[in-house]
Amino acid sequence: MPDLKQKALAILKKFYGYDTFHPLQYQVIEHVMKGNDALAIMPTGGGKSLCYQIPALLNKGCAIVVSPLLALMKDQVDALISNGIPAAAINSMQSEAQNRTVIDNVYAQNVKLLYISPERLLEDMNKWSNDLNISLIAIDEAHCISHWGHDFRPEYSQLSVVKDRFPGVPVLALTATADRLTRIDIKEQLNIPDAKLFIKSLDRPNISLNVLRGLSGKQKLSRIVDFIEQHHGQSGIIYCLSRKSTETLAHNLRVLGINAQAFHAGMSTAEKLRIQKDFINDDLPIICATIAFGMGIDKSNIRWIIHSNMPKNIESYYQEIGRAGRDGLKADALMFYSFGDVKTLMSFAHDSGQSMVNIEKLNRMQQFAEATVCRRRMLLSYFNERYDHDCCNCDVCNNPPDRFDGTQLCQMAMSAMVRTDQTVGFMTLIDILRGSRKSEIISNGYDRIKTYGVGRDLTTSMWNAYLLQMLQLGLIYIAYEDNDHLKITAFGHEVLYGKTQVMLSRFYYDNKKSTKTESKQKRIVYVEDGVDPDLFELLRDTRSAIAKATGVPPYVVFSDKVLMVMAGEKPKTKAQFGTMYGVAEIKTEKYWRQFTSVIVDYLAQKAQKR
Ligand code: ADP
Ligand code: ZN
């Protein structure tokens, strides 16, 4: 099909303003255009939507998109319409009259993409006549079909009948993550045994990966505040372990003049919707959330993710950081991790139904937190992906840890444990090592043991970090059945008696060696080389104004990436504006005046100042 590619590229330019396909996009398009089934696994931001939207536009008739995320449907449809693509949705959030109008429009061949919930498709499809002319069936979030996936939805498990109802119509299943078993399940349950598999690397190279260890609550708050200041005006999510801590953190930030709100499952639906809407519309930059937040939003300009505590496994971590930087521009992920996190998560894992699996997953998460090699390498190898170089976009690559002989330090800690008959927990141990005068220490006579105060040269944070490493290295363990007291393992005894040496990674308060003051001053403004940050800000304001006036989220008007390109290329005419990256034909008509006049005025003012 030699001219299929030409046609596909023409549509890509006209409706999206892009000149080239991302890797695998065209292969998937070509495959389904030949009438074949496919399963496409691409990371968030990888461009899955185009894989079914372009065939929908190339074909006669209407493509059906099955999606479990009702809240997202409206956004997706709005975004398509704003690019001039006739799309519509049928779901329970609309009135039946509205749904009927939509289906009439599909019969009248006025809809190219129809978004529908799985339960609704199953209910309605037998009533539809063949005049409906379905060109393609896309199953979004296809992992929801599998018990093996992390997000099983019962309404997905009956979709196998769809293939019987529409024989000959290609089915395209899409998801961001599906391990081997989930893939098998998806093919089986959708009744598409011959579906070709398209897998794109899970890597999200634009997200920087950073971990800070062992900080106290107060130090953590201060680091979060620094981080937010450096990311001034950018949207971000802070994930917390509990509902309570989302509220406390949001409150503490507001007291410091930072606009942040909590979001968790215990809040009313109305309140949650309001907060979500403010976030999407760039009216609220920061959300402190439990894991419940993020699944239902499509916001492409989330610039950073903070994990206030370590997540319970790498799958959750990866999914959560993946919500940042969907527009492909630089984004940052920062995770805090302390002994307290490990203790809490470990006891959750112990009490969970599947303690073996969950403890193993938690251990892998902790290994990631303690990484002394490139973090991205660790992540991708966890997902069985080959990645054979250092990424240069994680804290380990940028500041390789200093390794030192930590044998003596470990011996200090373990000898204090021996002298208290291994009957103390983590905080008490640190108090003994640092020679604390707390009443609990004195009343138990811990101030009279030989190791009392031997570790006073190290701060509490340092001990926190080193004890974490000892835990990870298998020198000590937490005895959950015995009041969370710390115990020494056989390997720990070898070290204690000097039979084995251990290397530790040196602790730095901010994981950076000498850049502390520098990092404090430097505000990270996300502009690329040659882009004027002031102009970028002005264009953002223009975008906000348009979004407010037209009732769509700012990123639906233009993504951050398009504004960045605009601030770099500074188009002054309609023709220049129209050929720019990411500007669909219909958007040229609608917006060229507003944006080019901002640019022209700005340049004139700048020229005057000279
Ligand atoms: P996914 O559904 O896989 O998370 P999307 O389909 O939402 O990803 O695409 C992510 C972003 O990348 C969107 O802003 C989209 O417009 C953009 N995009 C997709 N394909 C291309 C392309 N070929 N060129 C440039 N940008 C693209
Ligand atoms: Zn790296």
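In listed order, ligands and their atoms are each counted from 1. On a predicted model such as this, the values are computed, not experimentally measured, just so you know.
Residue contact annotation: Gly582 has no non-hydrogen atom under 4.0 Å from ligand 1.
Nearest protein heavy-atom neighbour of atom 11 (C) of ligand 1: Arg326 O, 3.7 Å. Gln25 NE2, 3.0 Å is the protein heavy atom nearest to atom 20 (N) of ligand 1. In terms of protein heavy-atom proximity, atom 2 (O) of ligand 1 is closest to Ser49 OG, 3.5 Å. Remark: minimum distance from atom 8 (O) of ligand 1 to any protein heavy atom is reached at Gly47 N, 3.1 Å.
Salt bridge status for Arg213 with Glu370: present, with a side-chain N to carboxylate O gap under 4.0 Å.
Using modelled atom types, one finds a donor on one side chain and an acceptor on the other under 3.5 Å when comparing Lys587 with Asn83.
The shortest N or O to N or O distance between Asp327 and ligand 1 is not below 3.5 Å. Looking at Met42 next to ligand 1, no N or O pair under 3.5 Å apart turns up.
Note: angle at the Zn ion (ligand 2), from SG of Cys394 to SG of Cys374, is 120° (rounded to 10 degrees).
Distances from atom 1 (P) of ligand 1 to the heavy atoms of Gly17, Gly45, Cys51 show the closest one on Gly45. Considering each of Tyr581, Tyr18, Phe21, Tyr52, the one bringing a non-hydrogen atom nearest atom 14 (O) of ligand 1 is Tyr18.
Taking the six-membered ring where the residue is Trp, the centroids of Phe558 and Phe595 are separated by under 6.0 Å.
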Using the rule given for side chain to side chain contact (heavy atoms under 4.5 Å, CB included), can you reason through Tyr387 versus Met378, listing the C-alpha separation, both sets of side-chain angles and the distance that settles it, and then say yes or no? CA-CA 9 Å; Tyr387 187 84; Met378 278 188 87; over 6 Å; no
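At a threshold of 4.5 Å between non-hydrogen side-chain atoms, the residues Tyr52 and Ile139 do not count as touching.
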